[in-house]
Amino acid sequence: MTANPNTATAERLQKELAAHPRQLLIGGQWKAAQSGKTFATFNPATGQPLGQVAWADAHDVDLAVRAARRAFEDPAWSRISSMDRTKLLLRLADLIERDAQELAVLECLDNGKPAHLARLVEIEGSIKTFRYFAGWPTKFGGETLPVSPRGGLQILNYTTREPLGVCALIVPWNYPMSMAAWKIAPAVAAGCTVVLKPAEQTPLTALRLAALALEAGFPPGVINVVTGMGETGAALVEHPGVDKVAFTGSTEVGKKIVRAASGNLKKVSLELGGKSPQVVFADADIDAAVASIAAGIFFNQGQTCTAGSRLYAHRSCIDRIVEGVAAAGRKLRIGNGLDPQSEFGPLISQEQWDRVNGFVQSGQADGARLVTGGTRPEGFDDGYFFKPTVFTDAGQTMKITREEIFGPVLTALPWSDPEELVAHANDSEFGLSAGIWTQNIRNAHRMAAALKAGTVWINCFNLVDPASPFGGYKQSGWGREHGRQAMELYSEVKSVWVNVS
Ligand code: NAI
Ligand code: MG
């Protein structure tokens with residue numbers, strides 16, 4: 001047996017965590033909460049606490065927002081050259097790469113996901129995100145525009161891009177490190193300063209990321225972190241010193257944020273829930289579709305906003321696909337994420353386990369047929385493990401077809417009429433993403449145009465890249481992350497009119 005390199009790292013990290021409560025990062029200083037309060041963060045694979053984390057209240061939030069404002073106005077940041085911003089972002093990417101294995105293990109401990117998958121997707125993805133946005137400061141500028149003024153005036157009209165200001169970044173627990181990177185990278189590339197609020201379930205990698213940003217040389221106060229519950233996030237959203245909120249999480253909290261942000265009309269961008277359809281035509285490459293549909297719902301234990309959770313397969317092939325996905329689910333190696341053999345970890349919390357279990361109960365009560373899963377796996381009495389689950393013969397109006405389960409549960413429905421297929425696939429309050437499986441180029445592009453979703457994947461699924469915009473139609477959100485669109489989210493446009501007559 002070869003030694004598992006994750007074990008030693010995990011032991012060291014756990015010792016460190018148990019001994020030292022994690023603190024807030026405010027104005028470049030690590031600080032306990034003013035109240036002295038802390039909360040515990042847990043390992044979802046065992047249900048055991050990992051350590052204590054500072055619990056910020058409105059007072060700490062106020063200090064963090066003021067520190068971010070001071071940093072925003074300080075020439076050390078406000079007059080930094082675009083090339084120097086590029087260098088800082090590249091340096092941060094290099095430091096994440098240096099510590100990649102440790103960050104992956106930390107994510108595994110706090111979130112439960114397999115460490116090797118955390119590394120592949122989250123840590124590598126974060127490095128890529130910082131490197132991509134490092135390229136923007138030197139390329140993100142305005143335009144000169146051919147205006148038509150009255151009265152023979154000669155006008156030079158040009159636009160500039162200015163950083164939006166102090167940004168509150170509120171992120172969830174499903175991809176803790178990536179979600180922090182997706183927001184910090186474009187915000188600081190655009191010249192903003194930020195206060196990051198990680199999810200209470202998974203604060204640890206965001207804190208490490210902030211420590212690396214200090215090491216990279218970001219001036220104090222450019223990146224601040226306040227850990228705490230939903231109330232900590234709410235205090236940020238209400239704070240009059242915050243210019244923008246960028247949020248990823250539940251649609252319910254997204255709506256609360258929109259209401260709470262109205263005080264000073266802060267800018268808001270939202271990346272919310274999904275119930276993404278996978279649409280399979282009779283002519284699809286079935287083996288490729290099965291493998292990708294299984295990964296699209298089971299990866300990260302289904303706790304993915306773009307999870308392909310509604311399968312619409314043509315009547316002629318639905319049984320083969322459902323059987324194939326169920327078989328792929330049964331084959332997944334469930335286990336503690338520190339084990340390099342594990343492919344499928346626990347859900348994030350008991351709360352989430354109960355939620356997913358509740359959906360499975362409702363699916364059965366509504367008459368859908370449970371093909372596989374639906375329970376805790378045998379031999380996993382501790383932690384929040386839930387088996388890969390597949391329902392078929394589901395109806396369009398069932399809860400398991402309409403609501404975001406955020407767990408490893410696929411709901412399959414057959415189709416035969418293409419018009420009805422489009423209507424059903426679009427019959428959702430969400431519009432985050434969609435998958436299309438066909439070898440027919442006409443079907444592929446007609447469907448891509450017809451589906452109301454921010455991302456459409458044809459003969460692939462869940463590919464994400466910082467160069468390509470990401471976000472949702474309908475109640476899946478406001479705005480787009482990644483790409484030029486993300487730079488626009490964190491900046492203002494100024495139009496300048498110069499009379500040159
Ligand atoms: P949540 O939306 O409550 O949490 C996300 C973040 O928002 C956390 O940092 C939380 O502390 C913060 N927050 C909570 N209330 C807030 C408020 N009033 N103001 C400002 N910030 C606030 O998500 P939760 O409760 O952890 O998960 C519940 C469900 O939400 C999941 O089952 C899933 O369906 C959905 N969800 C969707 C995500 C996505 O990526 N689309 C991510 C996480 C959850
Ligand atoms: Mg945790």
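Atoms within a ligand are numbered from 1 in the order they appear, just like the ligands themselves. Because only heavy atoms are used, hydrogens play no part in the values below, and waters and symmetry mates are left out as well, while side chains stay in.
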How close do Cys305 and Phe470 get, heavy atom to heavy atom, and via which atoms? SG-CZ, 4.2 Å
Any idea which protein heavy atom is nearest atom 10 (C) of ligand 1, and the distance to it? Glu200 OE1, 3.5 Å
Are any of the N or O atoms of Glu271 closer than 3.5 Å to those of ligand 1? no
Report the nearest protein non-hydrogen atom to atom 41 (N) of ligand 1: residue, atom name, distance rounded to 0.1 Å. Leu272 O, 3.0 Å
Under 4.0 angstrom from ligand 1, any heavy atom of Pro198? yes
the protein heavy atom lying closest to atom 29 (C) of ligand 1 turns out to be Ser250 CB, 4.1 Å
Do Lys387 and Glu378 meet the salt-bridge criterion of a basic N to acidic O distance under 4.0 Å? yes
Within-cutoff protein neighbour (heavy atom, under 4.0 Å) for atom 25 (O) of ligand 1: no
Who's the nearest protein heavy-atom neighbour of atom 42 (C) of ligand 1, and how far? Pro172 CB, 3.3 Å
Does ligand 1 have an atom that lies less than 4.0 angstrom from a heavy atom of Met179? no
Provide, to 0.1 Å, the distance between atom 34 (O) of ligand 1 and the closest protein heavy atom, together with that atom's residue and name. Glu404 OE1, 2.9 Å
Give the C-alpha distance, both sets of side-chain angles, the deciding distance and a yes or no for salt bridge (Lys or Arg N to Asp or Glu O under 4.0 Å) between Glu122 and Lys113. CA-CA 11 Å; Glu122 284 210 69; Lys113 69 180 67 189; 2.7 Å; yes
Can you tell me which residue and heavy atom of the protein come closest to atom 12 (C) of ligand 1, and the distance to 0.1 Å? Ile170 CG2, 3.8 Å
Ignoring hydrogens, just give me the one of Ala206, Ala260, Cys305 whose non-hydrogen atom is nearest atom 40 (O) of ligand 1. Cys305
For atom 21 (N) of ligand 1, grab the closest protein heavy atom and report residue, atom and distance to one decimal in Å. Gly233 CA, 3.6 Å
Quick one: does Phe247 get a heavy atom under 4.0 Å from ligand 1? yes
Which residue in the set Ile257, Leu169, Val61, Val166 passes side chain to side chain contact (heavy atoms under 4.5 Å, CB included) when paired with Leu236? Val61
Strictly below 4.0 Å, N to O, side chains only: are Arg208 and Asp99 in salt-bridge contact? yes
What I want to know is whether Val171 and ligand 1 share at least one N or O pair that is separated by under 3.5 angstrom. yes
Would you mind checking which non-hydrogen protein atom is closest to atom 33 (C) of ligand 1, with the distance to 0.1 Å? Phe406 CG, 3.3 Å
Sub-4.0 Å protein heavy atom near atom 4 (O) of ligand 1: no
Are Glu492 and Lys267 close enough for a salt bridge, meaning some N to O gap below 4.0 Å? yes
